[in-house]
Each structure stands twice: as structure tokens, then as C-alpha cells.
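The first residue of the sequence shown is numbered 1, and numbering continues consecutively from there. Bear in mind that the values here come from a model prediction, so they are computed numbers and not experimental data.
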Amino acid sequence: MLKRNKKDKQQNRHRWLLIGFLCLFGVCLVAQNPKKPADKKQQPANKQQSESKKQPENKKTKVYLLHADEGQADKLSRPDVQVLIGNVKMRHDSMYMYCDSALIFEKTNSVEAFSNVRMEQGDTLFIYGDYLYYDGMTQIAQLRENVKMINRNTTLLTDSLNYDRLYDLGYYFEGGTLMDEENVLTSDWGEYSPATKQSVFNHDVKLVNPKFVLTSDTLRYNTENKIAVILGPSNIVSDNNHIYSERGFYNTLTEQAELLDRSILTNQGKKLVGDSLFYDRVAGYGEAFDNVKMTDTINKNMLTGDYCFYNELTDSAFATKRAVAIDYSQGDSLFMHGDTLQLVSYNLNTDSLYRLMKAYHKVRMYRTDVQGVCDSLVYNSKDSCMTMYTDPILWNDGQQLLGEEIKIYMNDSTIDWAHIINQALTVEMKDSIHYNQVSGKEMKAYFINGDMRHIEVVGNVQTAFYPEEEDSTMTGFNCLEGSVLHLYMKDKKMEKGLFVGKSNGTMYPMDQIPPDKLRLPTFAWFDYVRPLNKDDIFNWRGKRAGETLKPTTDRRPKTDKRNLINM
């Protein structure tokens, strides 16, 4: 009986040992083969979470005390607080904190540090201040009074700074200054990320550079590439120019700007506006795109179009795509259009300064008292002369002037006199049948207050003229020929003509005018190409086939025959 009981106890011991071994073996198997999701519907949710933006991982580690000259603790009144005094050194993850004295709150895993506070993370980020509250759970540091954040070559100064270690972001809200090698930025509110080198500033923002000052309401700035992103009304002021923009980019290293939303560039009385602007301060030029307007407030003229280029170093510009030059120095504005308008300055910064304004091709201009068309045009400020080339025509109320070339001499933006060279013709329309006509080799027309008063015709002069009574009744038809003729105008009509030297011709009664005498051989009336208003200058209408003038002289430069043989 005794032997049997002993045998049963041994069997039970072996049984429990086998069960324990099997359980241990099962745990090992589970560890080697992780359990897979039972429900396949959970996989898309897990995949979506992995593809979503990863939030910074909050490691809830403890704030460790590394050193203090003296430590105190009152386990009865404040059992979770450690009082540290003298050369305090603490660590939370990779962040080290130094101060003269501190309080460590064990329950909340937070720290209060006083006097000579310093935070160090690696060898790139250093933060100083007089006071620090650090929450080890949220990893947010609140520094106050005489705060300085140093990240390589960037320094942030403020009296109130919060630094979020999870997002690696510091921000101030009671005024601060950010400095790097190039610029100094101040604002009421701002933030800076040591990781991305990106900073954002709001309210009374000011960026000071040795070459300019940028003021704004909202600005983003990268301390690595030195690019300022304009996000609100901003002004960039330097010694020579001023930029206003509400949206755009400004590279403070290359001094290049890309500006949007009708930004404005002002330089020495000239203002350039466009839907978008590009400006290079070093190269000294600006480009404007779409709905461009360039205004010269000193000379009272304007250049418009869909593209404009301006070089402030050479004081030159050109415009294309519906380009229009507008002169508003007088009460009535003159509008001029061409495929391309160009302004070139010579002898800058000298007493011999002068400018050329060129328009080409298909030039049309309009003012209520003067209109004109030609293929190309050049205005020289040296002699205030505007020269019209290739089939030029000029109208002054009821008068039409044309020739191979027309030179118009200006006086304070009004016509002083005009010189029509070769195949000169002036026509005044009386009605649809009767025209006063004068032709000659060249003409000089003189103006007073914009009205033509006197015309001098020289060489092979021919006239077809209708004298009038005081009541404008035509008394006859006078056909004369001579060498020099002076015509006098009154109330914008031909009043009388005087030949110098010999002349011959015939006076016909109105009812006996020969049909072949009604028109001079060179007669032409081009009213159908005349600009009707300032909007009609964009509608090019050329002369009809066969009505264009054929040059009477060869304008090609003369070349020595020996040079031709050598060539």
C-alpha cells in the first residue's frame, strides 16, 4: 500500500512536468509565428494609417537629473518635487538642460529652471534664457526673458519663446529678432524651424539688408537659401528704387524678385506695373507681363502692353503685344501703337543726354487734333524731331499731308512744324467732289497751338484750289504751277496762296471745270486708313494695292567702286 502511493506521486510529478514543458513549447511557437489579422477588412485601414502623414513620435521618457551641487526634497508637503541648487544638469532624450537652480516634478515629468538656463541638442541647437518650464510629456519648452536660440549661423532673440521638440519648432509672440549672415528680421510674432530652416513672421515685419529694407505684414523666410516669400502687403526700399507687392518671392542673395498680383516697381520717377513682374537688382532690369503699364511721371508719358522690359542701368525699355505709348503732357493725350515700341538712352549722366523712341512696324497714332500712320517711326529728344518712314500720312483736322518721309518737330509735346520730303502732297476735303490740292517736291508746314497756319511748297509746285467768299461759297477753280508757293490757313481751311517768282495757270468758273483737271496727277485721299479713335490704333489698315509711294531716290549708302571690286 505504501509503495503504491509513492508510485502514484511520482507519476503525478512527471505529468505536471510534461504539461509545463508543453506550455513552454507553445509559448515559443507563438513568439516565432506572430498572430495574423483574423479579419481581412482591417488591412485597408492599417494600410491607410501607414500612408497617412506620420505624426512626430512622443517618447514619454523620464527627465533625468545628471548633476546638482545640492538637492532637497520634502516628502511630506511636496513628495513629488525635487529642489536642485548649483550647476544643475538634466537630460531628456537627446536634449541637455543646464541652470543654476531647478525644480523637478516627478508626477508630471516636468522641470522649472532658473537663471543661466541653457538647452543643448547635438552640436547645432543652443537655447539660452533666464527661466525655463519644460514639459517632458509634451516636450514643449517655455523660455522667458533674454532668450537666445542659436542654430548654426542663425540667431533668434526674444523675451518669450516656446520650443516644441516634437515638431522642432520655436515660436515667439511678444516681439523677436532673427539674424543670419545676410539679413536681420524683426516682427511681433514669428516661428523658426531649425530642421527646415524655414521661418514665418507676422505683424510689423521688417527685413533689413545692407542694400535694402523690406517691410511687410506677413513674410516667410528661409535662412538656408535666403529667399523671402511675400504673403501680404510689402514694400522693398533701396537707394534707387521701391517695390510694392502683396505676393511673390525675393531672393536676398541674388537680389532677384518674382512678384505677382499687380506688383509695382518704381525707379527715379518711372513706375512699372504688371500682373506679374521679374526684377534683377544686380543686372538692373525688370520685366512685366500682362496688362503692363510703365509711367514716367517726370516726362508725363506712359508705355502699356502685355510685355515690357526696362533696364534701369541704361535707362532703356521696350514693349510688345498691343504696345501703346501715351503722351499726356498736354491737355489732350497722344496715343501711339506699333508692333514694338523701344526707348534707348545715350550719354547717360552727362549734359549730352538724349533719347531715341522707336516704333515699328505698322505704326498708328491718334490725338483728337492729329492722327498719323506709317511703317516705322523714330523720335529723337536731341532735336525734338519725330521722323515717319515708309508711306507716312499725317492728318490735322481736314488736312492730309503725305510724302516719302515726314519729319515733325515738336515744341513741348505739340507740333511746331513738319517737313514733308519728296512727293509731298497736301489735300483738304471741301466735300465728296471738291478738294483743295497742292503737290511739290517738298513742303514745310508750320503750326500754332496745334493748328496748321502756313505751308511752304518748294519744287514743281502744282495746285488745284477753290477760292471762297466770306460765306464759304466757292467762286471758281484755280489751277496753277510754279516753283515756290506759300499757303495760308485760317480756321483750319486754306485761305489764300502766293507764288514766289513766275507762275502760270488757269482760273475756271465752277460750271466749266474740265473733268481731267479736278485731280492732280499725284492726288490721293487716304481717309480709309485714318485712325478714328484711340482704340482704332490697333486696327491696321494698309493702303490699297497700287497706292503706295515708290521712292524717287535711292537711299542706299554710296559705296566706292574700288571697294566693290575688292569685295
Testing the basics here: between Trp540 and Val363, what is the closest heavy-atom pair and its distance to 0.1 Å? CZ3-O, 3.8 Å

Among Ile236, Ile230, Leu231, exactly one meets side chain to side chain contact (heavy atoms under 4.5 Å, CB included) together with Ser234. Which residue is that? Ile230

Could you tell me if Lys358 sits above the aromatic ring of Tyr379, with its cationic atom closer than 6.0 Å to the ring centre and no more than 45 degrees from the axis? no

In terms of ring plane angle, is the pair His434 and Tyr466 parallel, tilted or perpendicular, where the classes change at 30° and 60°? perpendicular

Using 30° and 60° as the class boundaries, would you call the ring planes of Tyr307 and Phe318 parallel, tilted or perpendicular? tilted

Verify the ring-centre separation between Tyr250 and Phe212: is it less than 6.0 angstrom? yes

By the salt bridge (charged side-chain N to carboxylate O under 4.0 Å, His left out) test, which pairs, at least two apart or in different chains, include something from residues 307-323? Lys270-Asp315, Asp315-Arg355

Identify the heavy atoms of Leu260 and Ser276 that sit nearest to each other, and give their distance. CD2-CB, 3.9 Å

With a 6.0 Å cut-off on the ring centroids, do Tyr171 and Tyr192 count as close? no

Would you mind listing every salt bridge (charged side-chain N to carboxylate O under 4.0 Å, His left out) that reaches into residues 244-263, with sequence neighbours excluded? Lys211-Glu255, Arg247-Asp261, Glu255-Arg281, Arg262-Asp275

Tyr285 and Phe309 aromatic centres sub-6.0 Å: yes

List the atom of Ile227, the atom of Asn225, and the distance in Å for their closest heavy-atom pair. N-OD1, 3.0 Å

What pair of heavy atoms forms the shortest contact from Met410 to Ile408, and how long is it? SD-CG2, 3.6 Å

Describe, in one word, how the ring planes of Tyr172 and Phe201 are oriented to each other, choosing from parallel (under 30°), tilted (30 to 60°) and perpendicular (over 60°). tilted

